Amino acid sequence: MGTAGAGNEATVGDRRQLINVAYRLLGSLTEAEDAVQEAYARWYALPRGRQEETVSPGAWLTTVTGRVCLDVLGSARARRERYVGAWLPEPLPAHTERDGPGAGLTDPADQMVLDESVTMAFLVVLESLTPAERVAFVLHDVFRYPFAEIAGILRRTPAACKQLAASGRRRVRDARTRAAPAVQADVVRQVKAAWERKDIAALVDLLDPAAVMTADGGGRAGTVLRPVEGGGRIAPYMVAIADKAPGLELLERSVNGAPGLVARRDGVVVTVAAFDVAEGRVSRIWVVRNPEKLRPWVG
């Protein structure tokens with residue numbers, strides 16, 4: 001993607017784009033930042049002559065970042081098999097809802113563009129793709145990179161990359177946002193009110209009978225290790241949590257660009273919950289409690 005020509009300097013704008021690409025590829029802001037830092041390290045390690053010969057440092061950095069992410073994705077499955085309980089992507093707050101005094105423009109979370117391609121539902125489905133499918137699909141369908149450039153990252157033909165993206169597209173089709181933001185916000189607000197009242201019946205009415213709740217504590221915070229299935233089981237579990245956590249403050253917040261809930265204790269975010277809503281009911285709940293994944297929420 002970088003070819004001979006006049007030299008250019010990598011820009012801050014390139015870093016913003018790279019963080020956005022890498023997070024969607026990896027589902028982890030921490031790993032995304034590491035991948036982008038590695039790409040920049042390789043760029044600055046190039047001889048000055050090589051840098052000056054590169055027509056587009058941004059394109060060069062995208063290629064290297066994509067290959068670093070591909071390597072990370074290749075080893076992620078083995079690492080996640082050793083993960084305690086379910087693994088979920090790192091949730092992201094809206095810039096205006098950052099908690100804590102340390103939130104600043106240099107934080108990678110502040111460089112994220114939150115849209116449909118970072119909803120928890122979307123990212124969870126991306127986890128089911130092969131690394132090559134994920135790279136081809138995200139770069140082409142989300143960021144509109146041509147297959148000729150993606151081929152340089154995957155070291156495959158453009159035709160093969162097109163097939164990979166099509167395969168990924170078929171598998172994520174059902175993960176597109178199904179409820180309008182206003183509808184989802186209303187349902188989440190009702191869930192919050194019912195949870196605060198410890199009203200099991202109201203929660204059951206708000207949950208799809210086939211709803212699934214998945215929690216990620218990573219062995220660092222107490223939570224269920226396996227998904228809880230069925231609204232009739234999820235509702236009493238939520239109330240049991242409320243009984244065991246007096247003083248917990250529940251707040252409506254944007255989670256990965258969609259209406260969600262955040263729980264704080266003594267002013268510290270301890271839980272972030274994302275929701276998928278279909279036909280006026282909650283169909284999926286993703287609960288992140290691993291403190292390592294809550295870094296953007298605590299400044």
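Predicted model, so just to flag it, every value in this text is computed and none were measured.
At a cut-off of 3.5 Å, with distance as the only test, a side-chain donor of R24 or N20 sits close to an acceptor on the other residue. A donor-acceptor contact closer than 3.5 angstrom is absent between the side chains of T63 and R67. Between Y83 and D216, the side chains place a donor N or O and an acceptor N or O closer than 3.5 Å (distance only, hydrogens not considered).
At least one side-chain heavy atom of V124 sits less than 4.5 Å from a side-chain heavy atom of L88. Proximity of V191 to F275: side-chain heavy atoms (C-beta onward) are separated by under 4.5 Å at one or more points. Contact check for L126 versus E133: no side-chain heavy atoms found under the 4.5 Å cut-off. Using a 4.5 Å heavy-atom cutoff, the side chains of L294 and P91 are in contact.
Using a distance-only test at 3.5 Å, with no hydrogens or angles considered, no donor-acceptor pair links the side chain of D276 to the main chain of S283. When atom types are taken as modelled, the side chain of Y23 and the backbone of E90 share a donor-acceptor pair closer than 3.5 angstrom. Counting only distance, with no hydrogens or angles, the side chain of R226 and the backbone of G85 share no donor-acceptor pair below 3.5 Å. Counting only distance, with no hydrogens or angles, the side chain of T62 and the backbone of G58 share a donor-acceptor pair below 3.5 Å. Not a single donor-acceptor pair under 3.5 Å links the side chain of W43 to the backbone N or O of P57.
Scanning both residues, R156 and L164, for their nearest heavy atoms gives NH1-CD1, 3.8 Å. Looking at every heavy atom in both residues, L250 comes nearest to A263 through CD1-CB, 4.0 Å. The two residues W297 and R253 have their closest heavy-atom pair at CZ3-CB, 4.2 Å. Nearest heavy-atom pair across T214 and A86 is CG2-CB, 3.5 Å. The two atoms that bring A35 and C69 nearest to each other are CB-SG, 4.0 Å, heavy atoms only.
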Worksheet item: Taking it one step at a time, do R134 and T130 satisfy side-chain hydrogen bond (donor to acceptor under 3.5 Å, both in side chains)?
Response: CA-CA 6 Å; R134 188 164 182 169; T130 67; over 6 Å; no
Enumerate donor-acceptor pairs with a distance under 3.5 Å from any side-chain N or O in residues 266-274 to protein atoms, sequence neighbours excluded.
residue: T271; atom: OG1; partner: R289; partner atom: NE; Å: 2.9

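Ion pairing between K192 and E252 fails under the 4.0 Å rule for side-chain N and carboxylate O. Salt-bridge formation is detected for the pair R220/E292: a Lys NZ or Arg NE/NH1/NH2 atom is positioned less than 4.0 Å from an Asp or Glu carboxylate oxygen.
Taking the salt bridge (Lys or Arg N to Asp or Glu O under 4.0 Å) definition, one finds that R82 meets it with nothing, sequence neighbours left out.
Interatomic distance, CG of L206 versus CZ of R281, reported as 8.0 Å (0.5 Å rounding).
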